[in-house]
Amino acid sequence: MIYAGQIGYALVPMIARGVILGPDQPVILHMLDIPPAAEALNGVKMELVDAAFPLLKGVVATTDVIEACTGVNIAILVGGFPRKEGMERKDVMSKNVSIYKSQASALEKHAAANCKVLVVANPANTNALILKEFAPSIPEKNITCLTRLDHNRALGQISERLNVQVSDVKNVIIWGNHSSTQYPDVNHATVKTPSGEKPVRELVSDDAWLNGEFITTVQQRGAAIIKARKFSSALSAASSACDHIRDWVLGTTEGTWVSMGVYSDGSYNVPAGLIYSFPVTCRNGEWKIVQGLSIDEFSRKKLDLTAEELSEEKSLAYSCLS
């Protein structure tokens with residue numbers, strides 16, 4: 001199940017082509033949108049029929065949340081209320097709290113038993129937390145949010161800086177919130193070179209750039225794309241959502257981790273009960289936080305800062321509930 005909108009429009013052909021679940025897995029798409037967009041949604045359904053995707057076994061295009069959620073195994077929630085000029089953070093939060101509350105109850109009652117949920121819409125971490133609150137029967141390990149876009153952005157920046165293939169860079173980490181306080185960390189990242197794997201820090205050999213411009217570029221990339229494109233990043237967000245689900249369902253490559261916003265169990269002294277981005281590996285449809293990575297003083301401050309923001313967002317969201 002997904003929403004339509006810009007990201008949804010980029011996402012559905014990727015799913016229908018087998019990008020998420022592999023080239024042999026048939027899919028049925030459930031697309032949900034708001035009533036004013038019903039006609040446009042039907043247009044997307046027509047296009048999906050016209051594209052004659054061999055793996056696409058059915059399309060449900062609806063404005064009814066219960067119909068959309070019924071029987072789904074994977075839910076990608078890309079719809080949320082965007083912040084508009086002059087709006088306070090609390091206004092946006094209260095709009096999203098009510099949206100995610102209704103999503104949660106529909107998924108809880110009507111989705112497949114082991115439904116996996118990925119929240120893309122901002123504030124993604126806190127929207128996912130609200131969803132978890134109102135869908136208590138969905139296991140907390142099945143509710144995640146998207147920080148893979150930030151992870152991929154970090155890989156892209158390193159690959160451009162070093163002029164190497166992006167597929168040769170691995171194990172960057174996005175810690176924390178999908179916001180401008182997130183911490184893109186390269187301390188454990190490596191690059192495949194003809195003489196073996198080398199640490200990113202050693203190859204870049206410019207700590208000022210890695211601790212400064214690199215971090216802010218990744219943190220503010222979304223805003224830079226809006227400035228350039230006049231729309232938010234839809235293509236890269238859709239592609240990253242595919243990466244997130246594919247790795248979660250089919251597993252990560254041995255020796256490689258990815259970043260996912262998951263329910264904190266207190267690892268790395270991150271307060272339990274937040275949805276926080278950690279490095280994870282995936283096997284047999286389950287994610288697991290990578291343990292035992294050393295955290296230097298610079299990183300510790302960054303991890304704590306983004307956790308503080310998430311704790312504030314959580315309090316704000318809970319105040320909107322009452």
Show the numbers, then the answer: is there a side chain to side chain contact (heavy atoms under 4.5 Å, CB included) between Asn125 and Leu274?
CA-CA 8 Å; Asn125 300 57; Leu274 297 174; over 6 Å; no

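- Crowding of Lys230 atom NZ: a count of heavy atoms from other residues, nucleotides or ligands under 6.0 Å exceeding 12.
- Judged by distance alone, with hydrogens and angles left aside, the side-chain atoms of Asn171 form a donor-acceptor pair with the main-chain N or O of Trp257 at under 3.5 Å.
- Of the possible polar contacts, none joining the Ser239 side chain to the Leu235 backbone as a donor-acceptor pair under 3.5 Å is found.
- Using a 4.0 Å cut-off between charged nitrogen and carboxylate oxygen, Arg300 and Asp304 count as a salt-bridge pair.
- Salt bridge annotation for Glu197-Lys170: present, with a cationic side-chain nitrogen under 4.0 angstrom from a carboxylate oxygen.
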Test log, rule side chain to side chain contact (heavy atoms under 4.5 Å, CB included), inputs Gln291 and Ser267
CA-CA 8 Å; Gln291 297 294 344; Ser267 292; 2.9 Å; yes

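- Distance check: Ser299 OG to Asp185 CG gives 4.5 Å after rounding to the nearest 0.5 Å.
- A donor-acceptor pair under 3.5 Å is formed between the side chain of Ser315 and the backbone N or O of Ser311.
- Of the possible polar contacts, one joining the Thr193 side chain to the Gly196 backbone as a donor-acceptor pair under 3.5 Å is found.
- Here the two rings, on Tyr268 and Trp175, have centers that are under 6.0 Å apart.
- Between atom CD of residue Gln157 and atom CD of residue Glu160 there is a gap of 6.0 Å, rounded to the nearest 0.5 Å.
- Using a distance-only test at 3.5 Å, with no hydrogens or angles considered, a donor-acceptor pair links the side chain of Asn142 to the main chain of Cys115.
- Looking at Asp206 and Arg161, a side-chain N of the basic residue comes within less than 4.0 Å of a carboxylate O on the acidic one, giving a salt bridge.
- Formation of a donor-acceptor pair under 3.5 Å by the Lys116 side chain with backbone atoms of Gly285 is found in this model.
- Under a 3.5 Å cut-off, the side chain of His110 and the backbone N or O of Thr70 do not form any donor-acceptor pair.
- Under a 3.5 Å cut-off, the side chain of Trp287 and the backbone N or O of Lys141 do form a donor-acceptor pair.
- Listed for the Ser94 side chain is a donor-acceptor partner under 3.5 Å among the backbone atoms of Asp91.
- Judged by distance alone, the side chain of Arg201 and the main-chain N or O of Val204 form no donor-acceptor pair under 3.5 Å.
- Note that the CG atom of Leu131 and the CD1 atom of Ile143 stand 4.5 Å from one another [nearest 0.5 Å].
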Evaluate Gln182 against Ser277 for side chain to side chain contact (heavy atoms under 4.5 Å, CB included), listing each step before the verdict.
CA-CA 8 Å; Gln182 62 172 263; Ser277 182; over 6 Å; no

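- The CG atom of Leu129 sits 9.5 Å away from the CG atom of Asn127 when rounded to the nearest 0.5 Å.
- Judged as a side chain to side chain donor-acceptor pair (under 3.5 Å), and not counting sequence neighbours, the contacts of Glu108 are Ser137.
- To the nearest 0.5 angstrom, Glu309 atom CD is 11.0 Å from Tyr276 atom OH.
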Quick one, Thr281 with Val290, criterion side chain to side chain contact (heavy atoms under 4.5 Å, CB included). Give me CA distance, side-chain angles, the key distance, then yes/no.
CA-CA 7 Å; Thr281 53; Val290 176; 4.0 Å; yes

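- For the salt bridge (Lys or Arg N to Asp or Glu O under 4.0 Å) condition, the pairs that include at least one residue of residues 231-258, sequence neighbours left out, are Arg148-Asp247, Asp243-Arg246.
- A side-chain hydrogen bond (donor to acceptor under 3.5 Å, both in side chains) with Thr126 holds for exactly one of Lys314, Glu313, His178; it is Glu313.
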